[in-house]
Amino acid sequence: MDRNEIIEKLRTIVLRNSQSDLGQRAVSEQDRIDSLGIDSLAMLDLIYDLQQEFGIEMDPQDLIPVVTIGDLVTMIKSRVSA
Amino acid sequence: MKRLRHLLEYLGLRVLLFLVDCAPPALSLRLADFGADLAYLLLFSRRRIAVSNLLATHIAADAPSARRLARLSFRCFARMAVESLCSDRYLEQHNWQDCIEWEASPELLQVLNDPQQGLILASGHLGSWEVAAHLLSYHKPVVGITRSMNNPYTERLISRRKSRGRFELTPKHDLNTARLVTALKQKKILAIMIDQHAYSRGVRIDFLGRSASYDKAVALLHLITKTPLCFGYCIATAPMRFKFIASDPISYAATGDKEADVRAILKLLNDHLETAVRTYPDKYLWSHRRWRPE
């Protein structure tokens with residue numbers, strides 16, 4: 001799975017869980033996750049959906065350095081290919 | 001003006017803490033009862049909420065019994081605060097087991113005693129919830145989620161008193177999701193109060209016959225980490241003597257339908273809370289605004 005495929009799936013998940021009205025806004029690798037209306041509770045929803053969508057188990061330690069969508073894509077990519 | 005009020009509250013709290021620290025527990029608890037009766041008389045809006053909740057849920061059949069239960073509920077809350085402030089003096093590593101009686105299954109005790117397992121402890125504003133966290137922390141570290149006080153002076157003072165040993169507090173409005181999940185991965189106990197209003201983002205479930213909003217976090221944490229979950233609470237049986245009552249550990253078999261799974265888990269916990277409140281109606285915090293319209 002390449003980065004673009006991951007970003008496309010991520011976009012759907014982020015829009016579903018965002019607490020902001022993002023409309024059909026594109027999600028780029030540079031976007032900070034907290035700027036997309038993902039607060040602590042939405043983050044739990046996001047983690048659940050990521051685990052279901054990509055079939056991975058997320059280690060919380062991996063999430064600590066995750067700030068942007070790009071960071072999240074890198075983390076998911078490493079988990080999917082592991 | 002606000003600063004002056006905060007300073008006066010802080011001074012009042014210092015005096016209270018001094019009295020609690022000097023007096024034996026039985027006397028401190030008598031003082032708590034006195035303070036609670038005074039609060040019941042003076043805090044008109046809280047009293048009204050409590051009486052109204054007791055009548056609306058049909059826990060009290062009529063106004064006199066609602067007022068009686070509301071007053072006992074005020075006393076229970078004041079006693080819980082005093083027990084919590086005293087707990088580090090009277091519940092220590094060498095004697096805590098003598099102060100607690102368990103009403104929990106061997107399966108749950110096994111989880112508590114197993115250093116390789118974490119636990120999500122769901123509870124409610126019932127009985128001595130702060131003491132429960134302190135006592136359980138002798139089994140394994142407990143992380144509790146707390147709401148910051150409006151008064152920064154009393155907040156600092158109480159935080160110093162509450163956070164001790166293996167009981168750490170995480171501010172509710174500064175939640176770091178990864179930290180909560182990490183606590184469970186580190187096999188700690190994560191204590192969460194489930195009966196707090198969750199606004200429009202919550203899941204609506206009938207609690208004592210009236211629709212209430214529940215936060216999804218406890219259910220999502222269970223689904224994500226697969227950490228055992230239980231409902232438990234602590235009741236005072238005598239001065240600084242307690243009974244911890246808990247459900248069997250729950251390992252919910254997820255169906256993959258997130259909304260349905262979250263609702264089912266919350267409903268399960270809600271049923272345990274309802275049973276507990278009906279068993280000990282005088283020990284529930286009726287004065288908080290649990291039922292709010294959508």
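Everything numeric in this text was worked out from a predicted model, so none of it was measured. When reading the values below, keep in mind they use all heavy atoms of this one structure, side chains included, and skip hydrogens, waters and symmetry mates. First the proteins, then the strands, lettered A, B, ... as listed; each starts at 1.
At a threshold of 4.5 Å between non-hydrogen side-chain atoms, the residues A:Tyr48 and B:Leu221 do not count as touching. Inter-residue side-chain proximity for A:Gln52 and B:Lys258 is flagged as unmet; no heavy-atom pair is nearer than 4.5 Å. Between B:Lys216 and A:Leu44 there is no side-chain heavy-atom pair separated by less than 4.5 Å.
To the nearest 0.5 Å, atoms CD (A:Glu57) and OG1 (B:Thr225) are separated by 9.0 Å.
Within 6.0 Å of CZ on A:Arg3 lie more than 12 heavy atoms contributed by other residues, nucleotides or ligands. Summarising the local packing, CZ of B:Phe77 is surrounded by 12 or fewer heavy atoms from other residues, nucleotides or ligands at distances under 6.0 Å.
In this structure, chain B has heavy atoms under 4.5 Å from both the backbone and the side chain of A:Asp45. Only the side chain of B:Leu220 comes within contact range of chain A, with heavy atoms under 4.5 Å apart.
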